[in-house]
Participant: 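I have a structure here, written as C-alpha cells, and I will follow up with some questions on it.
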Amino acid sequence: MATPVSARPAGPISALVGLVGVAALALLPPTAAFAAVPCHISRFELPVTMVGLRPTVAARINGIEVRFTVDSGAAFSMIAPAAADRLGLVQTMAPWGLFMDGVGGSIDIHIARVEHFEINKLEVPRLPFIVGGNEVGANTVGLLGQNFLGLWDVEYDLAHGAVRLMRIAGDCDDTNLAYWAGDKPVIVLDLERLRGQKHTLAEAEINGRKLRALLDTGAAGSLLSKSAARRAGIVPGGPDVVAGGPLRGAGSALVPSWIGPVTSFKIGGETIRNTRIRFADIDLQNIDLLLGADFMVSHRIYVSNAQRKIYMTYEGGQVFAIALPPRVAPAASAPDASEADAETPGDADGYTRRGAAHASRREFELALADLDRACAMDPQAAAAFRLRARVQRELHRADRALAEYGTAIGLQPADAEARIERAELLLSRGDRSAALIDLGAAQQALAPQDDLHREVGDLLLGAQRPELALAQYDLWIAAHREEVTLPAVQARRCWTRLLLGTEIDKARRDCRDALHVEPKLALALYGRGLIELREGATAAGNADLAAARALDPGIEAAARRGGIAPAAPASAASAAPAT
C-alpha cells in the first residue's frame, strides 16, 4: 500500500519554505508580468516513471543519484531516516510546533537542508527536507512534496510519464488551462485550501454525500476514511464489504482497512457508478478522501495555484485500482502504439515512461508495444528491458521475463533491483544456485542502510540459506529502528535463528520485541511458542502456537517449508529446529 502523508504545522513554517521560494524565482523562463498581454504558459518537465502505482522521478542530492516518489499529498518533501544517513545529510531538530501526521499516526521528524538538489538539470540550493517516517518503497529515498511542487502551478500527466511545473503570466484569469483537451470534456473544480497548508483539495461526492478530497499521488490506491465511509453508508460488516488487510502509512502503526461498494462517485461533471473503494480507520483531519495515483493516472490534471482552480480530463482506464481485475489477459496482437495514444513520445525514454504508465494501469499489451519501441530505439536502455521483464512476469511468461532480465543485467550488472527480481523468479522455478548468484551480487551492490536488504534476506531464507539471511536482517534492522515493518522483520530474524539452532536467547529477544509492538503477530507468536516448548514450558508454548494458528491458519505449513518441525501439543522435542 502507498504511503499517504500529510503535514500539520502548528507553528510558523516560513523558515522551511522561504529559502525554496527565493531560489525558485528564476527556475522557469521569464514571462511578462502585466495583465495587458495575452495569457502565456511556461513549463518545466519532470520525467516520471511509474513503478506500479508510484510516480517516481530521478534526482541528485549533493551529486548522488537518487529517486523520489512525487507526492502531491505531502505538505513537505521527506527523506527516510536510513536514506538520510546513507546520503550523509546533517540533521537538526524540527522547529517548535512542527509535526506530521500520516496513516499510522504521528511521525518524529528532523530537518535536513540539501546543499545541492538537482532534478532534470534544475538546481535548487539548500532545499529543506523533513527526515522521518517509513521507507517509501519503489527504491526511492523519500517524497517530493508541496514545499517544492506548490511553488508553481503543476500539471500531473502520469499517463504520459510527466509532471510539469507551470507558470502563467498575462491575462489568464478566465483562461481554460487544460490546453491539451481539444474536444475532451474538461472538469473544472475550485481549488480548496485549509489555513496554513498547501494541500490540493476539491469537493467530491460518494453516494450523494459531499466529501473533501485530496489529490494525492503519494497514495497508490484511493482511500476513504472510515468516518466518511459511514456517512456514505459503507460500514464494516455491511453488504458486500470485505476485509482489505492492514495498511502501512507514514506513522508507526498498521491500520485495518475494508473494501466496500460505491453506488456513485462524482467529481465535477464526472460520475462513476457501481465501483468499489478501500476505506480505513484513519483520521485525515478535515480530509475525507485521498484520490490516489490510481485516480490520477487515469486523469490529466492541471492544478492552478494562481487561479485557485483544478482542470481535469479523463484519460481512460479504471479510476480506482481496487476495481481492477487481478490479471489482464493478453490481447491476440499488440496494438500499435501510435494508434493507442495521439501524443507519441519522441525518444526511448519517453516510450519507457509511457509503457510504465500503461503497466501501472495493467494495460500490459499497450505497455509491451511502447517498451518494444523503446528497446528498438535504444538497445542500451536497461530500464526498458527491466520493465519489459516485469510485464512478462505479470503475463506469466517466465522464460521471456528471464531473457529480458538477462539483457537488463548484462547492460547494468550492478542493478540490485533487477538481480533481486530475477532471483525471485529463479527460486520460483527451483533454480536455487542461479538465484544465489544474483542475491550475492545484489547485496554487494547495496549500501548498508538500503531497504532492499530485507528483500534479499527474505529470498535467502526461502533459498534455505538462513546464515546468509541473518546477515541481511542484521543490516536492515540496524538502519530501520523506527520503521513500521520492524516487528515483522524481527520475527523473521527470530525464525532464522531458530533454523540455525544458535543464539536462542537472541531469537527469544527478537520475538519478544516484535510482540511488544504487535501482540497479534502470528510469526512472532509461533517463534516464541517453539522456544517455550524447546525449554519445557509446554503450556505456554502450546498456547502461543494455538494463538498463531488462529491468526494465520497457514503458519504450520510455512514452518514445515522453512525447516522448523511443527510442534506436537504434548511434546517439546518436536519443536526443536531441524538439523
Participant: Do you know which two heavy atoms are closest between F44 and L122, and how far apart they sit?
Facilitator: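 Minimum heavy-atom separation between F44 and L122: CZ-CB, 3.4 Å.
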Participant: Less than 3.5 Å apart, any donor N or O on the side chain of E123 or H116 sitting next to an acceptor on the other?
Facilitator: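 No, H116 and E123 have no side-chain donor paired with an acceptor closer than 3.5 Å.
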Participant: Taking the six-membered ring for Trp, are F129 and F117 ring centroids under 6.0 Å apart?
Facilitator: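 Close enough - the centres of the two rings lie under 6.0 Å apart.
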Participant: So, D157 and H160: side-chain donor and acceptor under 3.5 Å apart, yes or no?
Facilitator: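 Short answer, yes.
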Participant: Is it true that R354 and D370 make a salt bridge, defined as a side-chain N closer than 4.0 Å to a carboxylate O?
Facilitator: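 Salt bridge between R354 and D370, a charged N being under 4.0 Å from a carboxylate O: yes.
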Participant: Would you say T217 and D71 are linked by a side-chain donor-acceptor pair, where the criterion is simply a distance under 3.5 Å?
Facilitator: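 Result is no, nothing qualifies.
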Participant: Any side-chain donor paired with an acceptor under 3.5 Å for E421 and Y405?
Facilitator: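 Side-chain D/A pair, E421 to Y405: present.
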Participant: So do L149 and Y156 actually touch side chain to side chain, heavy atoms under 4.5 Å?
Facilitator: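 Yes - at least one pair of side-chain heavy atoms lies under 4.5 Å apart.
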Participant: I'd like to check T313 versus I187 (side-chain heavy atoms, cut-off strictly below 4.5 Å). Are they in contact?
Facilitator: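 With C-beta onward as the side chain, the pair stays apart.
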Participant: When you measure from the side chain of Y314 to the backbone N and O of G317, does any donor-acceptor pair fall under 3.5 Å?
Facilitator: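 Such a contact is found between Y314 side chain and G317 backbone.
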Participant: List the atom of T69, the atom of G137, and the distance in Å for their closest heavy-atom pair.
Facilitator: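 That closest heavy-atom pairing would be OG1-O, 4.5 Å.
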Participant: Using modelled atom types and a 3.5 Å cut-off, is there a donor and acceptor pairing between side-chain atoms of D438 and backbone atoms of I420?
Facilitator: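 Judged by distance alone, no pair lies under 3.5 Å.
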Participant: Verify the distance criterion only: is there a donor paired with an acceptor across the side chains of T56 and R67 at less than 3.5 Å?
Facilitator: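 On atom types as modelled, these side chains qualify, holding a pair under 3.5 Å.
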Participant: Whether the side chain of R167 engages the backbone of W152 through a donor-acceptor N/O pair (distance < 3.5 Å, no angle test) should be reported.
Facilitator: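 A pair under 3.5 Å: no.
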Participant: So which atom in G218 and which in R54 form the shortest heavy-atom distance, rounded to 0.1 Å?
Facilitator: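 Closest approach of G218 to R54: O-NH1, 4.1 Å.
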Participant: Could you check if a side-chain atom of E155 sits within less than 4.5 angstrom of a side-chain atom of V163, using non-hydrogen atoms only?
Facilitator: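 No; the side chains remain at least 4.5 Å from each other.
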Participant: Determine whether R212 and E203 satisfy the following criterion, salt bridge (charged side-chain N to carboxylate O under 4.0 Å, His left out), listing intermediate values before the conclusion.
Facilitator: CA-CA 5 Å; R212 178 177 283 134; E203 184 178 274; over 6 Å; no
Participant: If we count only N and O atoms by modelled type, under 3.5 Å, do the side chains of S304 and D153 hold a donor and an acceptor together?
Facilitator: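 A donor-acceptor contact under 3.5 Å links the two side chains.
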Participant: Got a salt bridge between D190 and K309, using NZ or NE/NH1/NH2 to carboxylate O under 4.0 Å?
Facilitator: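 Salt bridge present between D190 and K309.
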Participant: Using salt bridge (Lys or Arg N to Asp or Glu O under 4.0 Å) as the criterion, point out the one residue from R390, R419, R393 that pairs with E424.
Facilitator: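 So the option named by the test is R393.
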Participant: Scan H480, E135, R454 and name whichever one has a side chain to side chain donor-acceptor pair (under 3.5 Å) with T485.
Facilitator: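 For T485, the side chain to side chain donor-acceptor pair (under 3.5 Å) test succeeds with only one of H480, E135, R454, which is R454.
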Participant: Any salt bridge (charged side-chain N to carboxylate O under 4.0 Å, His left out) pairs touching residues 77-87, not counting sequence neighbours?
Facilitator: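 Checked against salt bridge (charged side-chain N to carboxylate O under 4.0 Å, His left out) - neighbours excluded - no pair reaches residues 77-87.
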Participant: Can you check whether G350's main-chain N or O pairs, donor with acceptor, with D347's side chain at less than 3.5 Å?
Facilitator: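 Answer holds: yes.
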Participant: Quick one: do the E115 and N62 side chains pair a donor with an acceptor below 3.5 Å?
Facilitator: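 No donor-acceptor contact under 3.5 Å links the two side chains.
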Participant: Decide whether H299 and E315 meet the rule of one side-chain donor and one side-chain acceptor closer than 3.5 Å.
Facilitator: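 There is no such pair (donor and acceptor under 3.5 Å, judged by atom type) between the side chains of H299 and E315.
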Participant: For A82 and A479, which heavy atoms make the closest approach, and how far apart are they?
Facilitator: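 So the two residues come closest at CB-O, 3.4 Å.
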Participant: Test side-chain contact (heavy atoms from CB on, under 4.5 Å) on L452 and E417; report intermediate values, then the result.
Facilitator: CA-CA 8 Å; L452 291 175; E417 278 190 283; 4.0 Å; yes
Participant: Start with the C-alpha distance between S222 and D294, add both sets of side-chain angles, then the distance that settles side chain to side chain donor-acceptor pair (under 3.5 Å), and finish with yes or no.
Facilitator: CA-CA 7 Å; S222 295; D294 54 350; 2.8 Å; yes
Participant: Among side-chain atoms of D451 and W476, is any donor-acceptor pair under 3.5 angstrom?
Facilitator: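 Yes.
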Participant: Go through M312 and V186 one step at a time and tell me if the side-chain contact (heavy atoms from CB on, under 4.5 Å) criterion holds.
Facilitator: CA-CA 6 Å; M312 183 185 309; V186 178; over 6 Å; no
Participant: What is the minimum heavy-atom distance between G406 and R422, and which atoms define it?
Facilitator: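 Taking every non-hydrogen atom into account, CA-NH1, 3.7 Å.
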Participant: Please list every donor-acceptor pair under 3.5 Å in which a side-chain atom of residues 377-388 meets a protein atom from a residue at least two apart or in another chain.
Facilitator:
{"from": "D378", "atom 1": "OD1", "to": "Q380", "atom 2": "N", "distance (Å)": "3.0"}
{"from": "R386", "atom 1": "NH1", "to": "D415", "atom 2": "OD1", "distance (Å)": "3.0"}
{"from": "R386", "atom 1": "NH1", "to": "D415", "atom 2": "OD2", "distance (Å)": "2.8"}
{"from": "R388", "atom 1": "NE", "to": "E404", "atom 2": "OE1", "distance (Å)": "3.2"}
{"from": "R388", "atom 1": "NE", "to": "E404", "atom 2": "OE2", "distance (Å)": "2.8"}
{"from": "R388", "atom 1": "NH1", "to": "D372", "atom 2": "OD1", "distance (Å)": "2.7"}
{"from": "R388", "atom 1": "NH2", "to": "E404", "atom 2": "OE1", "distance (Å)": "3.2"}
{"from": "R388", "atom 1": "NH2", "to": "E404", "atom 2": "OE2", "distance (Å)": "3.3"}

Participant: Do you know the tightest heavy-atom contact between R43 and Y179?
Facilitator: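 Minimum heavy-atom contact is NH1-OH, 2.8 Å.
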Participant: Would you kindly say whether Q307 and Y302 are connected by a side-chain donor-acceptor distance under 3.5 Å?
Facilitator: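 No.
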